[in-house]
Amino acid sequence: MLAGILFALGLAGLLVRRNLIFILMSIEIMLNAAGLAFVAAGARWGRADGQVMFIFILAMAASEVSVGLALVLQLYRQNKSLDTDMTSEMRG
Amino acid sequence: MNAITFYIAAVIAVVTSLLVITRKSAVHALLYLALSLIAIAVIFYDLDAPFIAALEVIIYAGSIIVLFIFVVMMLNLGKRAVQAEAKLLEPRMWIGPIILAAILLGEIAYLLVTGNTGALAAHTISPREVGMALYGPYLVGVELSSMLLLAALVGAYHLGSQKRPYPETQDGSGEHTTGADAGRNSVRTGTSRPAGAA
């Protein structure tokens, strides 16, 4: 249930904020919530699978954040802004 | 008994997450995000997964937060950031994080002293068990995540290297510097360029 609340918070942050940094943070919160659900389920049934899944989520979150932040830097250099609404005007 | 610590940590995680998505300044939000991650680490400790708790602190609260902070520093939003920094030094800004962190510290100390973790879990899952599962049935997943990390490394390098030629080829200057050379040259010169390029 806590994982659900955290996931909902992250989703709300994702929808409400218009700043790319905050959107990435919200994605972190959501990934954390998913990992928490996995670990809690693994602890509930006494299996190691949940923790294995959490390690995968961790690897994915790390790579996702690095690529995402690189994209943010690139967008900031081009737009001078972190607003996602400006990014919607992107065209080749 | 440590259902209490679980609930305290859970409340802290929810509150800090709420604060993350409502702060105006990115640095404050990062501060609270770090606290949220640490609270979740305490929850993992309560769930009798100390290995995962350590990983959470090391990788999330360590590297990912540092990555965020570096990017916020590099973006460096000018005068507004300076004002925010000045505000950050006021003690009022530190009260919230300090109180929450102190509660978490007290919880960790309590758990370490009493040593009764795992009331919420069926039995302790040791890192050895996790490792056996990881390299047993999940070997394909390990390989896949290694490929994912490699792709992320290459992708982040490529995206982070400054200025592919095309934004400034209107004057045709940097047209035939391609590939790695262009990236490497402009990493050095590029930091002062975006002000003029905009």
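Convention: sequence-line order gives letters A, B, ...; per-chain numbering from 1. In what follows, every heavy atom counts, from backbone to side chain, and hydrogens, waters and symmetry copies are set aside.
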Measuring from [X]:[atom1] to [Y]:[atom2], what's the distance to the nearest 0.5 Å?
X         : Y        : atom1 : atom2 : result
Phe44(B)  : Gln51(A) : CZ    : CD    : 9.0 Å
Ile40(B)  : Leu36(A) : CD1   : CG    : 6.0 Å
Leu148(B) : Glu64(A) : CG    : CD    : 10.0 Å

Does any heavy atom of chain A fall under 4.5 Å from the side chain of [X], the backbone, both, or neither of them?
X        : result
Leu67(B) : both
Phe68(B) : both
Leu33(B) : side chain
Leu30(B) : both

If Ile, Leu, Val, Met, Phe, Trp and Tyr residues are connected whenever their side-chain heavy atoms lie under 4.5 Å apart, and connections chain through other members, are [X] and [Y] in the same group?
X         : Y         : result
Leu35(B)  : Ile58(B)  : yes
Tyr32(B)  : Ile27(A)  : yes
Tyr135(B) : Tyr138(B) : yes
Leu139(B) : Val52(A)  : yes
Val39(A)  : Ile59(B)  : yes

Over all heavy atoms of both residues, which pair between [X] and [Y] is shortest? Give the atoms and the distance, please.
X         : Y         : answer
Tyr60(B)  : Ala61(A)  : OH-CB, 3.3 Å
Glu56(B)  : Phe54(A)  : OE1-CZ, 3.1 Å
Ala70(A)  : Ala156(B) : CB-O, 3.9 Å
Leu149(B) : Ser63(A)  : CD2-CB, 4.0 Å
Ser17(B)  : Ile29(A)  : CB-CD1, 4.1 Å

* Structure fact -> Per-residue tally against chain B (heavy atom, under 4.5 Å) across Gly68(A), Ala62(A), Ser66(A) peaks at Ser66(A)
* Asked: chain B: which of Leu69(A), Leu73(A), Val65(A), Leu71(A) shares the most heavy-atom pairs with it under 4.5 Å?
  -> Leu69(A)
* Asked: When you look at Ile55(A) and Phe51(B), which way does the side chain to side chain contact (heavy atoms under 4.5 Å, CB included) test go after all the steps?
  -> CA-CA 10 Å; Ile55(A) 292 175; Phe51(B) 178 56; 4.0 Å; yes
* Asked: Among Ser63(B), Gly141(B), Pro137(B), Ser146(B), who wins on heavy-atom pairs under 4.5 Å with chain A?
  -> Gly141(B)
